[in-house]
Amino acid sequence: MKIIRVVVFILLIVQSSFSQKTTEFKWWNPSNNEFDVLEGQGWPSEVASIYDRLPARLRKVVTKQIWNSSRHSTGLSIRFWSNADTICVKYKVKNEISNKVISPSETRELDLYSKSINGEWLRYSGKYKADSIINCEFNVEDSTDIYKTYGREFQLFLPLSSTVEFLEIGINKESIFNPLPIRIERPIVVYGESLYQEGETSSYGMAWANVLQRKLDRPLINLGFLENDKLETELIDLIAKVDAKLYILDCSSNLKPHTSDVFQSLINAVEKLRIKRPKTPIIITNHSSFLNVTLKKNGIDYKDLDEELNRAFNYLKAKGVLDIYLLKKSDFSFNFDSNKNYIHATKYKITQYAQVFENLIRKVLVEPKGDVSTTIAKTQSRDIAVYNWVERHQKILKLNKLGISKICLFGDSIINFWGGEPETSKPNGQKSWEDFMEPLGVRNYGFGYDYIENVLWRIHHDELDGVHAEKIVFMIGTNNLSINSNSEIIDGLIGLVKAVKERSPNSMVFIIGVLPRQGKEDRIVSLNHEISQLKEKINIDYYNINAPLLNENGKVNQTLFSDGLHPNNRGYSIIAKELQEILGSK
């Protein structure tokens with residue numbers, strides 16, 4: 001009897017193993033993609049190898065150490081869109097400095113991030129297999145219908161101090177996988193020391209510059225080199241060609257005041273950048289990698305170096321050089337837990353570093369982070385079933401490069417689905433847009449399901465840079481009604497107006513009261529009254545155009561709306577005539 005039971009048990013195991021289907025994967029190699037996908041690469045068309053950081057023409061110009069270090073994929077990442085349950089990465093790396101193939105036991109962890117529909121960062125830890133090729137598997141535990149059907153944006157950060165020789169990303173054969181092109185927002189360019197390259201962390205995504213990139217949600221070009229960054233003329237000339245949002249120069253730990261002219265080197269670097277980029281902010285870091293004590297290393301007194309850097313900065317300021325900023329050791333409040341030797345950081349310091357830089361950069365770029373949700377800029381993908389928010393933002397930036405808009409109309413789906421450019425997948429009022437909005441020179445900056453904070457993110461991320469519109473109009477706030485108080489909505493609108501006035505000070509700013517919404521008519525009357533009080537407070541033009549959209553009892557006129565919120569053709573026609581009268585007469 002025992003023998004029979006054992007045989008049956010074995011047969012069940014065999015049957016079970018045959019009944020299980022082996023998961024089929026489809027694999028994608030970035031080097032075979034038809035468009036550039038390496039985020040953080042400043043010169044993608046000029047590199048010798050896809051994962052290099054410097055153009056091939058610099059190979060015989062810079063030192064061998066810099067060139068080899070530049071072949072490390074520091075700061076590079078790959079963005080893609082997927083709905084996969086399992087995301088696999090297989091790759092092979094070597095250390096270009098020692099020309100040594102790196103074993104799996106020597107690698108740090110790959111980091112995979114994604115964004116929720118409300119713009120929150122999510123992080124995934126991978127499972128590794130030690131082999132000649134490193135295999136990493138990420139499990140995405142999201143059973144929601146929206147993820148299963150449409151997916152979301154992911155970002156994979158690549159190795160820091162090694163060269164990627166081979167890399168492929170694999171997902172379930174039936175799943176969505178769409179690589180995303182390099183973003184066209186102006187990047188932050190950092191040129192610095194080994195702390196920028198190695199990051200002193202056990203995982204690639206937690207290097208401080210990568211943390212900073214996520215905090216600011218902006219492309220970042222990391223030109224950190226191991227022990228060789230010395231404000232080299234060739235590299236200053238190179239980064240000056242990048243139309244950057246901001247430059248960071250942090251070469252202090254490798255400069256030697258007794259063997260080189262630190263004072264003149266810094267002046268030359270800043271003046272070169274200013275010739276090509278007269279208005280781009282520059283942050284100079286004064287020996288921030290060291291402890292708050294006077295240190296000597298190899299006979300060099302770093303107090304002398306600090307003094308030389310301070311002298312150069314003060315000289316530039318006295319000479320009238322604008323938009324330069326000095327970050328001092330005292331700004332970081334480092335202590336003995338921050339460093340594990342003279343230079344290199346502990347993990348604790350990485351967090352400090354990223355936070356201090358974020359605080360200063362937000363101040364320099366005027367991108368404040370408020371205390372309530374309406375004042376904290378974020379992306380979103382809540383309406384992914386209808387359109388892709390990320391793609392629409394990129395289209396706006398491309399359109400801005402083609403020509404100036406006289407009037408920029410910011411809003412949510414009510415504006416998005418009206419008409420105009422960028423084209424929407426389901427325009428509801430195209431004729432009224434063509435008849436009334438186009439003659440006024442209006443561009444559609446409406447994004448479906450946007451909250452106030454999503455519009456704020458878009459303004460922070462270049463949608464008004466260089467536009468200089470005559471009028472900027474906001475019709476936003478209805479989606480915040482279910483999650484925010486009136487005072488929070490008001491705070492958000494004030495933040496929007498301040499962001500506009502900083503970037504386009506000569507533009508007239510209009511706020512149109514929140515349009516009627518079925519079931520929320522009374523709340524909207526109260527909110528619009530509070531918004532009207534901003535007219536004198538922050539110097540805006542405010543208009544309420546709701547009357548012709550309501551019945552005599554103050555409720556939504558259903559004949560003008562498709563669902564109690566979005567206007568139909570007749571409703572859009574009424575709104576268009578109201579706006580034409582307001583914007584055309586001003």
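We're numbering straight along the sequence, starting at 1.
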So, using salt bridge (charged side-chain N to carboxylate O under 4.0 Å, His left out) as the criterion, who are the partners of [X] when residues are at least two apart?
X      : result
Lys431 : Asp435
Lys555 : none
Lys520 : none

Looking only at heavy atoms, what is the nearest atom pair of Leu158 and Ser73, with distance?
->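 What the structure gives for the nearest pair is CB-OG, 3.7 Å.
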Return the minimal non-hydrogen interatomic distance between Pro30 and Ile78, and the atom names on each side.
->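 Distance-wise, the nearest heavy atoms are CG-CD1, 3.7 Å.
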Sub-3.5 Å donor-acceptor pair from the side chain of [X] to the main-chain atoms of [Y], do we have one?
X      : Y      : result
Arg362 : Lys369 : no
Arg503 : Lys498 : no
Lys501 : Asn539 : yes
Asp36  : Pro44  : no
Gln430 : Pro427 : no
Asp462 : Asp465 : no
Glu521 : Gly519 : yes
Arg186 : Arg218 : no

Would [X] count as a cation-pi partner of [Y], with NZ or CZ less than 6.0 Å from the six-membered ring centre and within 45° of the ring normal?
X      : Y      : answer
Arg458 : Tyr445 : no
Arg382 : Tyr451 : yes
Lys90  : Trp27  : yes
Arg214 : Phe157 : yes

Over 60° means perpendicular and under 30° means parallel, so classify the ring planes of Phe447 and Trp389, tilted if in between.
->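 Perpendicular.
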Parallel, tilted or perpendicular: which describes the rings of Tyr543 and Phe510, with under 30° parallel and over 60° perpendicular?
->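 Geometry flag for Phe510 against Tyr543: parallel rings.
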If we count only N and O atoms by modelled type, under 3.5 Å, do the side chains of [X] and [Y] hold a donor and an acceptor together?
X      : Y      : result
Gln380 : Asp450 : yes
Trp28  : Asn33  : yes
Lys215 : Gln355 : yes
Gln518 : Gln558 : yes
Ser413 : His566 : yes
Glu453 : Thr374 : no
Arg152 : Asn83  : no
Arg570 : Asn557 : no
Arg443 : Asn400 : yes
Trp121 : Ser114 : no
Thr379 : Lys115 : yes
Ser116 : Asn118 : no

Intermediate values then yes/no, side chain to side chain contact (heavy atoms under 4.5 Å, CB included), Ile384 and Trp81 | CA-CA 12 Å; Ile384 186 58; Trp81 196 276; 3.5 Å; yes
Candidate list Glu185, His461, Arg183, test side-chain hydrogen bond (donor to acceptor under 3.5 Å, both in side chains), partner His393, passing option =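 Answer to the side-chain hydrogen bond (donor to acceptor under 3.5 Å, both in side chains) test with His393 among Glu185, His461, Arg183: Glu185.
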